[in-house]
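Please read all numbers here as calculations on a predicted model, not as lab measurements. Hydrogens, waters and symmetry mates play no part in the numbers below; they use all other heavy atoms, side chains included. In what follows, residues are counted from 1 in the order of the sequence shown.
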Amino acid sequence: MTLLHDTFRHLDTARLPTPCFVVDAALLERNLQRLHHVQQESGAKILLALKGFAMYHYAPLIARYLCGVCASGLHEAKLGRDYFGGEVHTFSAAYPPADMAEVLALSDHVIFNSFSQWQRYREQALAAAKHKSLHFGLRINPQQSEGTVEIYDPSAPGSRLGIVREAFRPELLDGISGLHFHNLCEQDVPPLQRTLAAVERQFGEFLPRMQWVNFGGGHHITREDYQVDELITLIRAFRKRWGVEVILEPGEAIAINTGVYVTEVLDVTKNGIDIAIIDGSCSAHLPDVLEMPYRPDVLGGAAPHDKAHTYRIGGLTCLAGDVIGDYSFDHPLTVGERLMFMDMSHYTMVKTNTFNGVKLPAIVAWDSRDDSLTIVRSFGYDDFKTRLS
């Protein structure tokens, strides 16, 4: 049994509204402490990637350990500046002109995806930098494919993310102080080592002109078997070799193994297999389960047929594929029973939608150290209606 399972088996689900996400402050702080250790020992800055976890209820806790946030555009930059403190680093594949002035005002680093974007906004950016400390970077694409799922592979052929070496224009680097790459997804040190080798091989001649290099995200630093000491050594060596500041921006590593998704069984039916329909939805509440795809654990559940009673668990929408997966249990599932899907903090709250008018999950903060529980946010009809017209 993992620490996550062992922790959440003590949570009384009868205290919860359903569906809901629950994040444990104690487990979150445990992750933050490990990331802070990496910062201290390596000299790198670590930022929270809001695209992966943006529960600003915990912003004061996160701000105690990390250097700031990275944003994917104007709205995340606003959230970061309003709640999280520290630095705001913003990257977007392309910036709408109407957003640029505010992005520059909110950010400490602004990273451009192409030389054409940099040329388009260069004068505006440099003018903004006269009034505040503001640094500009370019995203590079080392074309070192490490991802196992193409939709999450920024180095896949034809990727729109980052500048490949053959398109790199050193004559346009005036005003650029850093380079950024993001090449990993839920990975450990060896893929990062290979990526860094590709970066140095292709872009090393430009690194002496830089003040900082952003290693992006996808680093599973808080996973129990992650090679933390090797990462620290790698960062130290890179900083010494090139004389640059190193920045990492994991989103998932901050939130992995900190929370759950809790639902209630609404009906039990049969069509060749026993089927349990819950008051939530995979497509509306857990879209990564379908996109990756993957099968999350259920507390007390097991693989199909490992235990006495096997069920297909699906949501209440009309989408035929709105299915989380097949699970077996020691006992028959009953209407009104609560189910807890594990490791559901990252890429969940930030991706929910209201397809079919399905109610968004409530957001709950829990602290396993004292069993205190706060329903931070509940959602209803108005949240559905105001997204439409």
Could you see if [X] belongs to whatever hydrophobic cluster contains [Y]? Use Ile, Leu, Val, Met, Phe, Trp, Tyr and a side-chain cutoff under 4.5 Å.
X: Leu373; Y: Val376; result: no
X: Leu16; Y: Tyr261; result: no
X: Ile247; Y: Trp242; result: no
X: Val289; Y: Val262; result: no
X: Ile111; Y: Ile176; result: no

Distance flag, aromatic centroids of [Y] and [X], threshold under 6.0 Å:
X: Phe112; Y: Tyr95; answer: yes
X: His109; Y: Trp212; answer: yes
X: Phe215; Y: Phe181; answer: yes

Derivation of the side chain to side chain donor-acceptor pair (under 3.5 Å) call for Gln39 and Tyr65: CA-CA 9 Å; Gln39 285 185 139; Tyr65 291 98; over 6 Å; no
Would you say [Y] and [X] are linked by a side-chain donor-acceptor pair, where the criterion is simply a distance under 3.5 Å?
X: Ser107; Y: Thr90; answer: yes
X: Glu87; Y: His89; answer: yes
X: Ser145; Y: Asp153; answer: yes

Would you call [X] and [Y] a side-chain contact if the rule is heavy atoms closer than 4.5 Å?
X: Leu234; Y: Val189; value: yes
X: Leu134; Y: Val110; value: yes
X: Gln117; Y: Ser114; value: yes
X: Ser283; Y: Thr317; value: yes
X: Val23; Y: Met349; value: yes
X: Thr7; Y: Asp24; value: yes
X: Leu4; Y: Asp343; value: yes
X: Ile254; Y: Leu35; value: yes

Tell me the closest heavy-atom pair linking [X] and [Y], and the distance in Å.
X: Asp367; Y: Ala26; answer: OD1-CB, 4.0 Å
X: Glu249; Y: Ala49; answer: O-CB, 3.4 Å
X: Trp118; Y: Ala125; answer: CZ3-CB, 4.2 Å
X: Arg239; Y: Ser42; answer: NH1-O, 3.0 Å
X: Ala303; Y: Ser328; answer: O-OG, 2.5 Å

Under 3.5 Å: donor-acceptor pair, side chain of [X], backbone of [Y]:
X: Glu29; Y: Ala25; answer: no
X: Asn31; Y: Ile256; answer: yes
X: Ser345; Y: Gly259; answer: yes
X: Arg120; Y: Phe115; answer: no
X: Thr18; Y: Thr263; answer: no
X: Ser92; Y: Ala94; answer: yes
X: His285; Y: Lys359; answer: yes
X: Arg64; Y: Ala59; answer: no
X: Glu264; Y: Arg338; answer: no
X: His219; Y: Gly216; answer: yes

So for atom [atom1], which belongs to [X], do other residues, nucleotides or ligands contribute more than 12 heavy atoms lying within a distance under 6.0 Å?
X: Asp370; atom1: CG; value: yes
X: Glu123; atom1: CD; value: no
X: Lys132; atom1: NZ; value: yes

Give me the other members of the hydrophobic cluster that Val358 sits in, counting Ile, Leu, Val, Met, Phe, Trp and Tyr linked by side-chain heavy atoms under 4.5 Å, directly or via other members. Leu266, Ile273, Ile275, Ile277, Leu316
Residues 333-385 vs ring pair (Phe, Tyr, Trp, His ring centres under 6.0 Å), sequence neighbours excluded, gives Phe8-Trp366
Hey, mind stepping through Arg15 and Asp12 against salt bridge (charged side-chain N to carboxylate O under 4.0 Å, His left out) and telling me if it holds? CA-CA 6 Å; Arg15 301 165 64 192; Asp12 179 8; 5.3 Å; no
Mind checking what makes side-chain hydrogen bond (donor to acceptor under 3.5 Å, both in side chains) contact with Asp274, not counting sequence neighbours? Lys270
With sequence neighbours left out, write down each residue that passes side-chain hydrogen bond (donor to acceptor under 3.5 Å, both in side chains) with Arg30, or none if nothing qualifies. Glu224
Evaluation steps, side-chain contact (heavy atoms from CB on, under 4.5 Å), between Leu32 and Ile62: CA-CA 7 Å; Leu32 291 167; Ile62 293 168; 4.0 Å; yes
Six-ring centre of Phe91, Arg139 cation under 6.0 angstrom, axis tolerance 45°: yes
Here's one to test your reading of the geometry: is the NZ or CZ of Arg295 within 45 degrees of the ring axis of Tyr327 and under 6.0 Å from its centre? yes
Only counting residues at least two apart or in another chain, list the ones meeting side-chain contact (heavy atoms from CB on, under 4.5 Å) with Glu146. Gln144, Asn183, Leu184, Gln187, Pro191, Arg194, Thr195
Going through the distances and angles, do Asp188 and Arg223 end up as a side-chain contact (heavy atoms from CB on, under 4.5 Å)? CA-CA 9 Å; Asp188 54 11; Arg223 200 184 66 225; 3.6 Å; yes
side-chain contact (heavy atoms from CB on, under 4.5 Å), paired with Ser177, selected from Met210, Gln211, Glu245: Gln211
Kindly determine whether Asp383 and Thr354 satisfy side-chain contact (heavy atoms from CB on, under 4.5 Å), including the steps that lead there. CA-CA 9 Å; Asp383 300 288; Thr354 56; 5.9 Å; no
Stepwise side chain to side chain donor-acceptor pair (under 3.5 Å) check, Glu337 with His331: CA-CA 11 Å; Glu337 185 169 349; His331 62 277; 2.6 Å; yes
Below 3.5 Å, can you tabulate the donor-acceptor pairs from side chains in residues 156-172 to any protein atom, sequence neighbours excluded?
| unit_1 | atom_1 | unit_2 | atom_2 | d |
| --- | --- | --- | --- | --- |
| Ser159 | OG | Pro154 | O | 2.6 |
| Ser159 | OG | Leu161 | N | 3.1 |
| Arg165 | NE | Gln202 | O | 2.9 |
| Arg165 | NH2 | Glu205 | OE2 | 3.0 |
| Arg169 | NE | Glu171 | OE2 | 2.9 |
| Arg169 | NH2 | Glu171 | OE2 | 3.3 |

Before you tell me yes or no, could you show the steps for Asn141 and Ser155 under side-chain contact (heavy atoms from CB on, under 4.5 Å), namely the whole-Å CA-CA distance, both residues' side-chain angles and the distance that decides it to 0.1 Å? CA-CA 6 Å; Asn141 182 342; Ser155 284; 3.2 Å; yes
